[in-house]
Amino acid sequence: MTYMSNRLRRSMLFVPGNNPALIIDAPVFTPDSIILDLEDAVAVDQKDAARELVVSALKTLDFGVCEVCVRINGRHTPFFAADVSALVPVKPHALRLAMVESAEDVACLDELLGRCEADAGLPVGTVKIMASIETAKGVMNASTIALSSPRLVAMSFGAEDFTNSIQSERTPGGHELLYARTAVVLAARAAGIDPIDTVFTLVEDDAAFKADVRAAKQLGFAGKSCVHPRQIALAHEVFLPTPEELSKAERVLAAYTEALERGAGVVAVEGRMVDGPIVARAQRVVDIANASKSLREVRAR
Amino acid sequence: MMVTNKVGRSVPSFIENLGELKPYAGVFATPPTGAHYAPPIRRHLGIGMGAGKKFLASLREAILASGLKSGMTISFHHHFRNGDMLVNMVVDEIAALGIKDLTLAPSSLQNIHQALIPHIRSGVITAITTSGLRGELAEVLTRESLLKSPVVIRSHGGRARAIEAGELKIDVAFLGASSADVYGNMNGIHGPAACGSLGYAMVDAQYADFVVGITDNIVPYPALPISIPQTQVDLVVKVDKVGDPKGIMTGATRITRDPLELHIAAQAMRVIEASGYFREGFSFQAGTGGASLAVAKLLKESMAETGLRGGFCTGGSTGYICEMLQEGYFSAILDTQCFDLAAVESLRTNPRHVEMSASYYANIHAKACTAHITDIMMLAATEIDTAFNVNVLTGSDGIMMGASGGHSDTAAGTKLRLVTAPLIRGRFPIVVDSVHTVITPGECIDVLVTERGIAVNPAQKTLKEQLNDFGIETVSIEELQWRAEKLTGKPEPLAQSEELVALVEYRDGTLIDVVRRIL
């Protein structure tokens, strides 16, 4: 699973699949991922038109460095198979499957993708999967879902449907989500895929959004689903390392490289042993800093 | 006869009723000649009300007393913006008196002035010079040849210059004020139709042969503060209403919420930071709407963080900029026109917020003009071409829909000339091979900031290096054009006749371009 294994997914911007202007402008805001939405954003009587628009967008538009995914309609809807077979030939990076409740849901998509890829003459495994966990049942099955397909690159959490499914409601503190968010993080991290946090819908409240992203980062999420372009830069800012984190990571990597060159087995930085996980974490910090607009921004913070 | 000017446009060297015309030869290439115009000296009218006196109760009496005759030129200011009631009211009255064949010379025209169309068709107005025109009036004047000579488009500074030089000779100026006394002292900051600065009217008041002050709010002598003094005003008329405050506040004067424009503003802010002009005491002109006010907000945030403070702000004023003055981010506002009522309030209450005339602001031949002293100018564009020439007058359909305004004036003199625009507007690319109408020559533009990339004028090599050193990626303007056309395709050429419906005068009085009749 080398596909984009080090790809950042700090921000995943939802774009309604039936709005050409928003689709064209989405890459301007440079989210790490764009999710063209055929599910909740599109009314039932517009599903076909939106699907055609998204297919045509994938065929003709340049999305630059952004990962481009399509959120397709759930496995048990009448649009599921048509979505998959129409999209595979235009090769989105991934399909995001809504309302995943079991490993079988993902396996079903995996199998259909395989057939469509073969029909389109594409190598099997070209199109990846992101699973959206949005119900109590999905949360309880998160660990098996995370391991359900080699195509799976990320697992996202959807809080709105989840709170419905546990017959609760969202509060600013988000205590009702704590177990579920943690379960998704642990399942995804254990499987080596990216956990992505739920959307935050108060788009005018930048401070609350950042607090929510900080909480998600602390829990272990790799990124945040975004519903408005203004949230992208804010999410990136939260995921940006601090100048201290960056300079420490650079020292770790330099010491490690130097030790490799010297053939030394054991490295210490500032009195602490540096081993594999610490090197990997340092590399991730530098990667994230590099992915931001400029290192200057990090250092200037 | 047509000649080719310095920006490659074919312009006439003579037009019936307008006389000999000079082609644009470069930003400061054409030297001034002649002397300042002076209005005739007259015996002043007797103090008091009624016939033969200075204070009159009806427009009709004032028009008769002014000596206005067919064939003359009348002027107005546009400080009431789309809430203006005077132009339509005065022209109605003039038409009723049977006076015809007038040249209309307001500082600008708005949508509300579509009421003039019947007076144009009937021959009451046969020539127009203005900074801009909009709406149905603009459409009619671009699609039909209704005037005896093309509309002359002048910049704000260019109009002031033309009036001072006697090239635009005003026979009667009808100048509205929201507050005045019976002796002719006037201002725009008190009264029910307060519109703020009377900067554009000041030039008319000084140089018109006859000045009629019109107000709906007579106050005891003296009307303070004095924006236009009694020494320049021949007559004062009281009418029921001079302007509608709701219409005064037209135009986008609030900070945009459009994520694309905010994105452009963020990019523009980085360019400003990299340029080196964002430094202690910097001066700034924000303009209105789109990304430019959002840039002001970003400047404020950065200034709050760093403690850096600006010098003066210039041009028009908005509530947001006034708030920055109030909070000490800028030290002064030099103001030709208020774009909203919060700005009017600031002009009324803040002694560091002062009016300036259009000549003081932007006249190329004034002995100093603010437009030549400013550091950073945010400019707009309806189109910009690969030679960086900017159009702000005509739309993608070739129809006039905007105004020359202070665009070319400020671009000629400001240190950092930054155009912000979405790369695609509607279905049209903003960057084109050749703009439909040149308002500002490309040599006056330093950088174009769009949501899909930043292009620096190749003539500005140092700026490009500064931006790149700062970590800002720049591309050629041709690359931006390509990026736009990849999404929009290349627009079809416009169907137009050879007939000229407007002449675009550069700020020095030379012709920079023409507008042809759209078929």
Side-chain angles (χ1 to χ4, degrees), chain A residues 11 13-16 19-31 34 53 56-66 199-207 209-210 226-237 240 243 246 289-301, chain B residues 254-271 273-274 278 290-291 294 297-298 301-302 305-306 308 420-430 448-454 466-475 479-489:
Chain A
S11 56
L13 178 66
F14 275 110
V15 181
N19 187 323
L22 294 183
I23 294 174
I24 284 176
D25 287 339
V28 167
F29 306 103
T30 55
I34 292 168
L53 183 66
S56 149
L58 280 163
K59 242 192 265 184
T60 53
L61 293 182
D62 177 4
F63 289 94
V65 296
C66 301
V199 296
F200 185 83
T201 49
L202 298 173
V203 291
E204 299 289 316
D205 194 340
D206 293 348
F209 175 75
K210 277 168 77 172
C226 299
V227 288
H228 193 279
R230 70 188 282 161
Q231 295 180 329
I232 294 163
L234 299 172
H236 290 188
E237 192 187 324
L240 205 60
L246 177 61
N290 278 329
S292 71
K293 287 218 173 67
S294 72
L295 282 172
R296 180 198 300 265
E297 280 177 36
V298 182
R299 298 215 166 85
R301 283 214 309 159
Chain B
R254 301 173 79 150
I255 291 174
T256 180
R257 294 154 68 97
D258 177 347
L260 213 60
E261 286 186 333
L262 290 171
H263 181 78
I264 294 170
Q267 304 309 308
M269 179 64 194
R270 297 184 74 223
V271 170
E273 285 178 307
F278 184 36
K297 179 167 180 279
L298 295 173
E301 284 167 10
S302 173
E305 212 172 288
T306 58
L308 184 148
T420 58
L423 190 57
I424 298 161
R425 200 180 269 135
R427 294 169 294 114
F428 292 91
I430 289 299
L448 167 65
V449 179
T450 76
E451 76 285 11
R452 289 175 163 84
I454 296 168
Q466 279 172 303
L467 263 52
N468 295 346
D469 288 349
F470 198 80
I472 298 172
E473 194 192 331
T474 56
V475 296
E479 165 73 22
L480 288 184
Q481 183 185 17
W482 181 78
R483 286 178 187 180
E485 286 179 357
K486 215 163 57 155
L487 297 166
T488 61

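Convention: sequence-line order gives letters A, B, ...; per-chain numbering from 1. Just so we're clear, the structure is a prediction, and the values are computed from it rather than from any experiment.
Looking only at side-chain heavy atoms (C-beta outward), A:Leu246 and A:Leu240 stay at 4.5 Å or farther from each other. Side-chain contact between A:Pro20 and A:Leu53 is present, with heavy atoms from C-beta onward closer than 4.5 Å. Between B:Leu487 and B:Arg452, some side-chain heavy-atom pair lies under the 4.5 Å cut-off.
Contacts between B:Leu260 and chain A at a heavy-atom distance below 4.5 Å involve backbone atoms as well as side-chain atoms.
Options A:Thr60, A:Leu61, A:Val28 differ in how many heavy-atom pairs under 4.5 Å they form with chain B, and the most are formed by A:Val28. Ranked by non-hydrogen atom pairs under 4.5 Å with chain B, the options A:Glu204, A:His228, A:Arg230 are led by A:Glu204.
Minimum heavy-atom separation, B:Phe278 to B:Ser302: CE2-OG, 3.3 Å.
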